[in-house]
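A short write-up of the structure that comes next.
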Amino acid sequence: MQYWLMKSEPDTFGIDDLKSRGREHWDGVRNYQARNFMRDQMRKGDKIFFYHSACSEPGIAGIASVVKEAYPDHTAQNPESKYYDPKASADDPRWYMVDVKFEKKLKRLIPLGELKRNPALEGMTLLKKGNRLSIMPVEEAHWQAILAMV
DNA sequence: GCCAACGTTGGC
DNA sequence: GCCAACGTTGGC
């Protein structure tokens, strides 16, 4: 089993939205590195930190898990969608998504600032300068260290 | 709203 | 294949 971190903007779709929906497809990923992680490495049962980005309180808000492995992101083929990509087609879907399920909300949101100050998290991808990846693997030691901060 | 860092596009 | 221009992300 592998651990992940996925970013989402709470103004659009936050941990409370996932909680009320129970399960959701992770559409709209339009970055090759993030796509490759989903398509090639994400497996059913993998655990995910749900991260709130681009908001007043960035940080880790909860936990989700993978319930369906990668399949074509149909929003790429829908001209009405804001995620529409004219280069995507049924033959070559280009973009993929997984389905995730709500596991739990952390008792408190772990702010980015605290993550940065925790020496146990040194080297974590999320904390690297200029990192803009919306999906990234998390080392087990980092996963555990973050759970210990709750 | 600003801006640094990064990814992508497209001309050459 | 290079690289400038552009668009986006995301913290502050």
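Proteins get letters first, then strands, A, B, ... in listed order; numbering begins at 1 in each.
You'll find the ring centres of Trp4(A) and Phe50(A) outside the 6.0 Å limit.
Contact annotation for Lys128(A): no contact, since no heavy-atom pair falls under 4.0 Å across all strands.
Along DNA chain B, the stretch of nucleotides lying under 4.0 Å from any heavy atom of chain A spans, 5' to 3', dA5(B) to dT9(B).
Tested against Asp99(A) for a side chain to side chain donor-acceptor pair (under 3.5 Å), the candidates Arg23(A), His25(A), Lys68(A) yield a single pass: Arg23(A).
In this pair, Trp143(A) and Phe49(A) present their aromatic rings parallel. The plane angle is below 30°, not in the 30 to 60° band.
Taking a 6.0 Å sphere around CZ of Arg43(A), one finds it holds more than 12 heavy atoms contributed by other residues, nucleotides or ligands.
No donor-acceptor pair closer than 3.5 Å links the side chain of Lys116(A) to the backbone N or O of Leu127(A).
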